[in-house]
Number of protein chains: 4
Amino acid sequence: MDMDTARLITGTGRKPKGMGPERREEILAHALRLFSEHGVHTVSTRQIAGAVGISQPSLYAYFPTKQALVEEVCKRAFGALTERMRAVIGQASGRDLMATMGRAYVDFGLSQPDAYRVAFMIEVARPDGGLAQDPALMAGIEAYLLHREAVVKVMGGGLSEEAIDLLAQSQWASLHGLVSLLIARPTFPWVDRERLIEAHIDSLLPPPTAKPSRVSGT
Amino acid sequence: MDMDTARLITGTGRKPKGMGPERREEILAHALRLFSEHGVHTVSTRQIAGAVGISQPSLYAYFPTKQALVEEVCKRAFGALTERMRAVIGQASGRDLMATMGRAYVDFGLSQPDAYRVAFMIEVARPDGGLAQDPALMAGIEAYLLHREAVVKVMGGGLSEEAIDLLAQSQWASLHGLVSLLIARPTFPWVDRERLIEAHIDSLLPPPTAKPSRVSGT
Amino acid sequence: MDMDTARLITGTGRKPKGMGPERREEILAHALRLFSEHGVHTVSTRQIAGAVGISQPSLYAYFPTKQALVEEVCKRAFGALTERMRAVIGQASGRDLMATMGRAYVDFGLSQPDAYRVAFMIEVARPDGGLAQDPALMAGIEAYLLHREAVVKVMGGGLSEEAIDLLAQSQWASLHGLVSLLIARPTFPWVDRERLIEAHIDSLLPPPTAKPSRVSGT
Amino acid sequence: MDMDTARLITGTGRKPKGMGPERREEILAHALRLFSEHGVHTVSTRQIAGAVGISQPSLYAYFPTKQALVEEVCKRAFGALTERMRAVIGQASGRDLMATMGRAYVDFGLSQPDAYRVAFMIEVARPDGGLAQDPALMAGIEAYLLHREAVVKVMGGGLSEEAIDLLAQSQWASLHGLVSLLIARPTFPWVDRERLIEAHIDSLLPPPTAKPSRVSGT
DNA sequence: TATGAATGAGTCTTCATTCAT
DNA sequence: GATGAATGAAGACTCATTCAT
């Protein structure tokens, strides 16, 4: 009795829906959700397979390893953030651009905590026992460069390359701090979230140097 | 070969060294290091015991549970931070106090990345599969309150309770963002670390220029 | 030597034999035997798996927990007893019914000492450190009710509900005492087992001599 | 620094009370209680030591092994039963003696369920993997012989040796059944316990052959 | 004598992964 | 391409026991 015959007899029903690439996407989506809900370490391949509705070994048709799946999820998450940033970078200019970018960043993190958590806050595998060369942030340099670009647009040409990086990194860190804490410690007695975000974004740029009204200074 | 013979040969003897409280401290130190290097989930009690040089069950003479060990490590880490902050809060005033506090915070995080990581960045147990109610940040409220106190001292009495919290939380988030990113992604192409920190701390408070209040500025 | 090579040499292959439900039954059978031979507490899942010829984790494909396995074994044991009793309750009447039932009970216990031991004599889990609320006897109430039914048939309608229970419980206890002692202490210098059983069952009902009241009989 | 000096300095307080034999008794008493409350397998030497107020290793000064402790506890329990039976065997004669003995047996079991459980119902160690040559029941033959003696007294000389054993063993089994079930399954919907015991004991002997009422016969 | 400290062997259970079909 | 079944390795934790003091 050959394999196909056996299958016909036993009637082991396959899951006909969305094989191939769609199935892969489905897996990634469920994994993203589960990872950020319960943490990468807590979620087992069995759970992922169960959520997708396939068998555990079937995962291995799409990803050679759990680690590979995790990394792909991270890359996707970063991709989503980059996309969001790219979408807004042309929508404003001057100080407004900074506010817009900051808002986009925060909104992304809070509206997709799953993705953000996976991208920035997750303990990734550390193969050799040291700190990891985390593929996620490495891929995230692209997102950083977008942010840096926005800084250039906002600050005009008067800054050195290093000054630009300095500002961009400081701002990035500031934004990340807010988003990560809001996500990670939702039970902390935060002030009104909306006001906090607004104030935080406002503080990203120093107030316009010249007193714009009334008495002018330099 | 009976057991005694085997013991003589392999030399599996008791380890009389450092009993009692010192042993406990030793365990905590190794656990702190391992947790921050590899993550709480990845480090097993076996590994901790191995690092300390004792057997796995011996851990349980000092901590009833891995979770208890983790929590103690967290408490210590937070305690160290609070101590550091308390130490500096009286050493400066005005804007300098803010810089001093910020510097203390960042220094703590960078000089004790293990502790910081454990205290702020670690995935703690999630009881119901939801977000964790972790003892760490809850205990960390004490540290926050110290920071808030500093804000009050710096800003004087002109701010409402809410405004104080707003500023304090935004600053805290900003500091956390910098420290956590520097710790978590050391391989990112950061600008000069010292300048970045300085600039970041400087940006915590708006520049002292003109008092914008009362007299309106746009 | 890599893993594959090692596997070829040691021959650690899969064990395709008897999958699915048969495997489950096989596990139950071995567990029943081992539990009754050595006691539930003494038998480890490793031992059960070893007896069945599968790996320890494979057990968990069939039973989520050792406790679940124990409970299934108990349920089966009780089910077998109930079945046996139900089979004979219609086969006799009058005093004969009592003897038949008693005989069925004793035969069950002695011919399936494993099951009987598991059902009646085993220390089950004690949730609060107190006496156990074990699922076994609770499920065994069904068997008791069958016995009670037989008592009703035998004694006719002249007894109050309470008198019926009184008699049924006393008889049940008596039967249990014999079976459990014969099983538990086989090395005791018992008299001829067959005669003992017969006499014991005979003693369950008072001799039919004269009906002490009303109409005198033989 | 010698040992005694060290002890004086560290002040490791010994427990001065009842050393030697009293201490041994204390251990046995606590063990009996714990074993019957939680089961032999569930109670650890640590728990016993803790209950007694001594250190775990100190147990090994009195009993070479947990098993030895268990066996001693069993022997004591049987001793207590034998004592009780011996105490009542001279207090009655004829049918009353049987009732008195039965009552003593049941009372012993119910008033000292700890001892009874340990003596009769406990899973003892089965060293070779088979059914145990349980030291408890073996020691309990003495108690059986007392019961047998009572049967002789009650039934007069008209019975063969074998008939005596037959009756004695059947009765013993009957009593054991009641006691063990009452102890083991206290939550079963038993009828009034007192009536049940009385009826059960009454049924141990066949009713006096002659109709006792009204017309006397001998 | 008694103990604090320690331990090897064992408990149940879960995991990522692989095999044969 | 998919799966049911299985597994080695590891997880946290407990136990009876022993050693040096």
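A, B, ... follow the sequence lines: proteins, then strands. Residue 1 opens every chain. As the structure is a computational prediction, the values presented were derived from the model and not from experiment.
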Using the side-chain heavy atoms of [X], tell me which of these nucleotides is nearest: [options].
| X | options | result |
| --- | --- | --- |
| C/Thr45 | E/dT13, F/dA12, F/dG8 | E/dT13 |
| D/Ser44 | F/dA16, E/dC12, F/dT18 | F/dA16 |
| C/Lys66 | E/dG4, F/dA6, E/dT13 | E/dT13 |

So do [Y] and [X] actually touch side chain to side chain, heavy atoms under 4.5 Å?
| X | Y | answer |
| --- | --- | --- |
| B/Glu25 | B/Arg76 | yes |
| B/Val52 | B/Arg23 | yes |
| C/Phe63 | C/Val70 | no |
| B/Ile48 | B/Phe35 | yes |

Please determine whether a side-chain nitrogen or oxygen atom of [X] lies at a distance below 4.0 Å from atom OP1 or OP2 of [N].
| X | N | value |
| --- | --- | --- |
| B/Tyr62 | E/dA6 | yes |
| B/Tyr60 | E/dT7 | no |
| C/Arg23 | F/dA6 | yes |
| A/Ser58 | F/dA2 | no |
| B/Thr65 | F/dC13 | yes |

Between atom [atom1] in [X] and atom [atom2] in [N], what is the gap in whole Å?
| X | N | atom1 | atom2 | value |
| --- | --- | --- | --- | --- |
| B/Arg24 | E/dA5 | CZ | C1' | 16 Å |
| D/Leu59 | F/dT18 | CG | C1' | 13 Å |
| D/Ile48 | F/dT17 | CD1 | P | 11 Å |
| B/Ile54 | F/dT18 | CD1 | P | 21 Å |
| C/Glu71 | E/dC12 | CD | P | 16 Å |
| B/Arg46 | E/dG10 | CZ | C1' | 12 Å |
| D/Glu22 | E/dT1 | CD | P | 15 Å |
| C/Gln47 | E/dT11 | CD | C1' | 11 Å |

Is the shortest distance from a Lys or Arg side-chain nitrogen in A/Lys75 or A/Glu71 to a carboxylate oxygen in the other one below 4.0 Å?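 No, this pair does not count.
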For E/dT13, give the paired nucleotide (Watson-Crick: N1-N3 plus N6-O4 or O6-N4; G-U: N1-O2 and O6-N3; both under 3.5 Å), or none.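 Partner of E/dT13: F/dA10.
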The Watson-Crick or G-U wobble partner of F/dT3, with both key distances under 3.5 Å, is E/dA20
Taking donor-acceptor contacts at under 3.5 Å, does the side chain of B/Gln56 reach the base of F/dC13?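 Indeed there is one.
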Which residue lies toward the 5' end of DNA chain E, A/Pro64 or D/Ala61, if each is placed at its nearest nucleotide? D/Ala61
